[in-house]
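Heads up: the structure comes next, in C-alpha coordinates.
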Amino acid sequence: MPAHFFARPALAVAPDLIGATLLIDGVGGLIVETEAYQRDDPASHSFPGPTKRNQPMFAGPGLAYVYFIYGVHWCLNFTCAEAGAVLIRAIEPTDGIDQMIERRSQTNPRNLCSGPGKLAQALGVGPALNGLPLDEKPLELRAASSGIDVAIGPRIGITKAADLPWRFGLKGSRFLSRRF
DNA sequence: ACAAGGATGGACT
DNA sequence: GTCCATCCTTGTA
(Lines give C-alpha, C1' and ligand atoms only; values in the text may rest on other atoms or scores of the structure.)
Protein backbone atom coordinates (compact mmCIF):
# COMPACT_ATOMS: atom_id res chain seq x y z
CA MET A 1 0.00 0.00 0.00
CA PRO A 2 1.67 3.29 -1.17
CA ALA A 3 2.38 5.78 1.60
CA HIS A 4 0.19 8.48 0.06
CA PHE A 5 -2.75 6.20 -0.64
CA PHE A 6 -4.85 7.80 2.09
CA ALA A 7 -3.72 11.40 1.42
CA ARG A 8 -6.70 11.92 -0.89
CA PRO A 9 -10.37 12.69 -0.31
CA ALA A 10 -12.32 9.79 1.19
CA LEU A 11 -14.52 9.66 -1.90
CA ALA A 12 -11.45 8.75 -3.98
CA VAL A 13 -9.98 6.33 -1.45
CA ALA A 14 -13.14 4.34 -0.71
CA PRO A 15 -13.54 2.65 -4.14
CA ASP A 16 -9.80 1.97 -4.34
CA LEU A 17 -9.98 -0.03 -1.11
CA ILE A 18 -12.31 -2.59 -2.68
CA GLY A 19 -10.25 -5.73 -3.17
CA ALA A 20 -7.46 -4.60 -0.84
CA THR A 21 -6.28 -6.94 1.89
CA LEU A 22 -6.68 -5.98 5.56
CA LEU A 23 -5.11 -7.98 8.35
CA ILE A 24 -5.06 -7.26 12.07
CA ASP A 25 -2.56 -9.45 13.87
CA GLY A 26 -2.78 -11.75 10.87
CA VAL A 27 -6.57 -12.01 10.93
CA GLY A 28 -8.61 -10.58 8.05
CA GLY A 29 -9.19 -10.81 4.33
CA LEU A 30 -10.35 -8.89 1.27
CA ILE A 31 -12.21 -5.63 1.77
CA VAL A 32 -15.45 -5.98 -0.22
CA GLU A 33 -17.53 -3.01 1.03
CA THR A 34 -16.71 0.57 2.07
CA GLU A 35 -18.40 3.94 2.55
CA ALA A 36 -16.94 7.44 2.21
CA TYR A 37 -17.53 10.21 4.78
CA GLN A 38 -16.24 13.70 4.12
CA ARG A 39 -15.87 16.95 6.05
CA ASP A 40 -18.86 18.91 4.72
CA ASP A 41 -21.09 15.84 4.73
CA PRO A 42 -23.90 16.00 7.31
CA ALA A 43 -23.60 12.25 7.90
CA SER A 44 -19.89 12.45 8.76
CA HIS A 45 -18.59 12.46 12.32
CA SER A 46 -16.25 15.29 11.28
CA PHE A 47 -19.14 17.50 10.12
CA PRO A 48 -19.61 19.38 13.45
CA GLY A 49 -15.86 20.11 13.64
CA PRO A 50 -13.21 18.65 15.95
CA THR A 51 -14.48 16.84 19.05
CA LYS A 52 -12.93 14.32 21.38
CA ARG A 53 -14.46 11.37 19.54
CA ASN A 54 -13.49 12.37 16.00
CA GLN A 55 -9.92 13.33 16.91
CA PRO A 56 -8.29 10.82 14.52
CA MET A 57 -10.24 12.29 11.59
CA PHE A 58 -8.55 15.63 12.21
CA ALA A 59 -5.14 14.09 12.98
CA GLY A 60 -4.21 13.42 9.35
CA PRO A 61 -4.67 10.63 6.81
CA GLY A 62 -3.65 7.00 7.21
CA LEU A 63 -4.89 6.39 10.76
CA ALA A 64 -7.42 4.00 12.24
CA TYR A 65 -10.58 5.67 13.56
CA VAL A 66 -12.59 3.40 15.84
CA TYR A 67 -15.89 4.40 17.40
CA PHE A 68 -18.61 2.78 19.49
CA ILE A 69 -22.19 2.75 18.24
CA TYR A 70 -25.66 1.78 19.52
CA GLY A 71 -24.20 0.82 22.85
CA VAL A 72 -23.08 -2.46 21.34
CA HIS A 73 -20.79 -2.33 18.34
CA TRP A 74 -17.38 -1.01 17.32
CA CYS A 75 -16.74 0.28 13.80
CA LEU A 76 -13.42 0.61 11.95
CA ASN A 77 -12.56 3.54 9.64
CA PHE A 78 -9.45 4.69 7.81
CA THR A 79 -8.80 8.44 7.95
CA CYS A 80 -8.22 10.30 4.68
CA ALA A 81 -7.35 13.84 3.56
CA GLU A 82 -9.49 16.82 4.60
CA ALA A 83 -10.92 15.23 7.76
CA GLY A 84 -12.60 12.47 5.79
CA ALA A 85 -12.76 8.77 6.54
CA VAL A 86 -13.71 5.47 4.96
CA LEU A 87 -15.89 3.05 6.92
CA ILE A 88 -14.94 -0.58 6.38
CA ARG A 89 -18.29 -2.34 6.08
CA ALA A 90 -17.51 -5.90 4.97
CA ILE A 91 -14.62 -8.29 4.40
CA GLU A 92 -14.26 -11.63 2.66
CA PRO A 93 -12.46 -13.73 5.28
CA THR A 94 -9.23 -15.37 4.14
CA ASP A 95 -6.82 -15.41 7.10
CA GLY A 96 -7.37 -16.48 10.70
CA ILE A 97 -10.85 -17.80 10.08
CA ASP A 98 -10.66 -20.07 13.13
CA GLN A 99 -10.11 -17.05 15.36
CA MET A 100 -12.99 -15.20 13.70
CA ILE A 101 -15.30 -18.14 14.34
CA GLU A 102 -14.25 -18.15 17.98
CA ARG A 103 -14.76 -14.39 18.43
CA ARG A 104 -18.11 -14.37 16.64
CA SER A 105 -19.52 -17.67 17.94
CA GLN A 106 -20.65 -18.17 14.38
CA THR A 107 -19.44 -20.76 11.87
CA ASN A 108 -21.00 -19.55 8.61
CA PRO A 109 -18.18 -17.74 6.73
CA ARG A 110 -20.73 -15.34 5.27
CA ASN A 111 -21.71 -14.14 8.74
CA LEU A 112 -18.23 -13.47 10.07
CA CYS A 113 -17.46 -10.07 8.49
CA SER A 114 -20.62 -9.04 6.58
CA GLY A 115 -21.17 -5.73 8.38
CA PRO A 116 -19.11 -3.06 10.16
CA GLY A 117 -19.92 -4.35 13.66
CA LYS A 118 -19.40 -7.96 12.69
CA LEU A 119 -15.99 -7.46 11.12
CA ALA A 120 -14.84 -5.37 14.05
CA GLN A 121 -15.71 -8.24 16.36
CA ALA A 122 -14.18 -10.88 14.08
CA LEU A 123 -10.90 -8.96 13.70
CA GLY A 124 -10.68 -7.94 17.34
CA VAL A 125 -11.15 -4.22 16.65
CA GLY A 126 -11.56 -2.16 19.81
CA PRO A 127 -10.63 1.21 21.30
CA ALA A 128 -6.98 0.12 21.60
CA LEU A 129 -6.71 0.50 17.82
CA ASN A 130 -8.06 4.07 17.69
CA GLY A 131 -5.57 6.54 16.19
CA LEU A 132 -2.97 3.94 15.24
CA PRO A 133 -1.13 4.32 11.89
CA LEU A 134 -2.32 1.92 9.24
CA ASP A 135 1.19 1.01 8.07
CA GLU A 136 2.37 -0.38 11.41
CA LYS A 137 1.64 -3.45 13.45
CA PRO A 138 -0.79 -4.85 14.32
CA LEU A 139 -2.30 -3.50 11.08
CA GLU A 140 -1.35 -4.69 7.63
CA LEU A 141 -2.75 -3.42 4.33
CA ARG A 142 -2.06 -4.60 0.80
CA ALA A 143 -3.37 -2.82 -2.27
CA ALA A 144 -6.01 -4.39 -4.50
CA SER A 145 -5.04 -6.07 -7.72
CA SER A 146 -6.12 -4.28 -10.88
CA GLY A 147 -9.34 -4.97 -12.76
CA ILE A 148 -11.68 -4.93 -9.76
CA ASP A 149 -15.35 -4.44 -10.67
CA VAL A 150 -16.81 -1.93 -8.19
CA ALA A 151 -20.53 -1.51 -7.45
CA ILE A 152 -21.86 1.88 -6.28
CA GLY A 153 -24.90 2.77 -4.21
CA PRO A 154 -26.32 4.92 -1.41
CA ARG A 155 -24.88 4.57 2.10
CA ILE A 156 -26.61 2.39 4.66
CA GLY A 157 -28.08 3.19 8.05
CA ILE A 158 -27.89 6.99 7.94
CA THR A 159 -30.64 9.61 7.96
CA LYS A 160 -28.68 12.65 6.80
CA ALA A 161 -27.47 12.90 3.19
CA ALA A 162 -28.92 9.43 2.72
CA ASP A 163 -29.18 9.82 -1.05
CA LEU A 164 -25.49 10.28 -1.85
CA PRO A 165 -24.06 7.25 -3.73
CA TRP A 166 -20.98 6.95 -1.53
CA ARG A 167 -21.12 3.21 -0.81
CA PHE A 168 -18.79 0.92 -2.76
CA GLY A 169 -18.62 -2.84 -3.06
CA LEU A 170 -17.05 -5.73 -4.89
CA LYS A 171 -19.58 -6.54 -7.58
CA GLY A 172 -21.18 -9.95 -7.10
CA SER A 173 -19.47 -10.66 -3.77
CA ARG A 174 -21.33 -12.99 -1.40
CA PHE A 175 -19.74 -11.32 1.63
CA LEU A 176 -21.49 -7.93 1.50
CA SER A 177 -23.58 -6.60 4.39
CA ARG A 178 -26.40 -6.09 1.87
CA ARG A 179 -26.91 -6.37 -1.85
CA PHE A 180 -26.45 -3.31 -4.05
C1' DA B 1 -27.07 18.14 34.59
C1' DC B 2 -29.81 16.04 31.26
C1' DA B 3 -32.05 14.30 27.04
C1' DA B 4 -31.76 12.65 22.41
C1' DG B 5 -30.18 9.79 19.03
C1' DG B 6 -26.91 6.88 16.52
C1' DA B 7 -22.15 4.96 9.94
C1' DT B 8 -25.82 -2.05 13.94
C1' DG B 9 -27.01 -6.70 14.56
C1' DG B 10 -29.71 -10.31 16.39
C1' DA B 11 -34.15 -12.13 17.62
C1' DC B 12 -38.51 -12.60 16.39
C1' DT B 13 -43.42 -12.60 13.50
C1' DG C 1 -40.69 -7.31 7.40
C1' DT C 2 -40.51 -5.21 12.84
C1' DC C 3 -38.51 -4.40 17.37
C1' DC C 4 -35.04 -3.07 20.53
C1' DA C 5 -30.73 -3.69 23.57
C1' DT C 6 -27.37 -0.50 25.50
C1' DC C 7 -24.10 3.34 26.25
C1' DC C 8 -21.36 6.87 24.46
C1' DT C 9 -21.20 11.43 22.39
C1' DT C 10 -23.10 15.57 21.67
C1' DG C 11 -25.95 19.72 22.08
C1' DT C 12 -28.40 22.42 25.13
C1' DA C 13 -29.73 24.63 29.78
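Numbered from 1 within each chain, the chains take letters A, B, ... in sequence-line order. Quick caveat: nothing in here was measured; it's all calculated off a predicted structure.
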Nearest-Å distance, [atom1] ([X]) to [atom2] ([N])?
{"X": "A:Lys52", "N": "C:dT10", "atom1": "NZ", "atom2": "C1'", "answer": "13 Å"}
{"X": "A:Asn54", "N": "B:dA7", "atom1": "CG", "atom2": "P", "answer": "13 Å"}
{"X": "A:His45", "N": "B:dA7", "atom1": "NE2", "atom2": "P", "answer": "4 Å"}
{"X": "A:Leu87", "N": "B:dG6", "atom1": "CG", "atom2": "C1'", "answer": "13 Å"}
{"X": "A:Asn108", "N": "B:dG10", "atom1": "CG", "atom2": "P", "answer": "12 Å"}
{"X": "A:Arg104", "N": "B:dT8", "atom1": "CZ", "atom2": "C1'", "answer": "11 Å"}

Please list each protein N or O that sits under 3.5 Å from an N or O in nucleotides 3-7 of chain C, with the distance.
unit_1	atom_1	unit_2	atom_2	d
C:dT6	O2	A:Tyr70	O	2.4

### Query
When you check the gap from the basic side-chain N to the acidic O, do A:Asp41 and A:Lys160 get nearer than 4.0 Å?
no
### Query
If you draw the axis of the six-membered ring of A:Phe180, does the NZ or CZ of A:Arg178 fall within 45° of it and under 6.0 Å from the ring centre?
no
### Intermediate values then yes/no, ring pair (Phe, Tyr, Trp, His ring centres under 6.0 Å), A:Tyr65 and A:Phe78
CA-CA 6 Å; A:Tyr65 168 45; A:Phe78 299 156; over 10 Å; no
Kindly give the atom pairs (protein nitrogen or oxygen, nucleotide nitrogen or oxygen) under 3.5 Å for nucleotides 11-13 of chain C.
none

## Note on the structure
Nearest heavy-atom approach of A:Met57 to A:Gly84 is CE-C, 3.8 Å
### Task
Answer with base, sugar-phosphate or nothing: what part of the nucleic acid does A:Arg53 contact at a heavy-atom distance below 4.0 Å?
sugar-phosphate
### Query
Under a 4.5 Å cut-off applied to non-hydrogen side-chain atoms, are A:Arg155 and A:Leu164 in contact?
yes
### Query
Which word best sums up how the rings of A:Trp74 and A:Phe68 line up, parallel for under 30°, tilted for 30 to 60°, or perpendicular for over 60°?
tilted
### Task
Kindly say if A:Arg89 contacts the phosphate of B:dT8, meaning a side-chain N or O under 4.0 Å from OP1 or OP2.
yes
### Message
Looking at A:Thr159, I'd like to know whether one of its side-chain N or O atoms comes within less than 4.0 Å of OP1 or OP2 on B:dG6.
### Response
yes
### Stacking of A:Tyr67 on B:dA7 base (centres under 5.5 Å, planes under 30°)
no
### Message
What's the separation between atom OG in A:Ser114 and atom CG in A:Leu119, rounded to the nearest 0.5 Å?
### Response
9.0 Å
#### Entry: Distance, nearest 0.5 Å, that separates CD of A:Glu136 from CG of A:Leu141
12.5 Å
### Summary
Dot-bracket assigned to DNA chain B with the 3.5 Å Watson-Crick/G-U criterion, [ ] for crossing and | for other-strand pairs, is ||||||.|||||.
### Query
With sequence neighbours left out, what residues match A:Phe175 under ring-ring contact (aromatic ring centres under 6.0 Å, His included)?
none
### Task
For DNA chain B, determine which residues of residues 124-134 of chain A have any heavy atom closer than 4.0 angstrom to one of its atoms, and list them numerically.
none
### Query
Going by number, which of residues 169-180 of chain A have a non-hydrogen atom under 4.0 Å from DNA chain B?
none
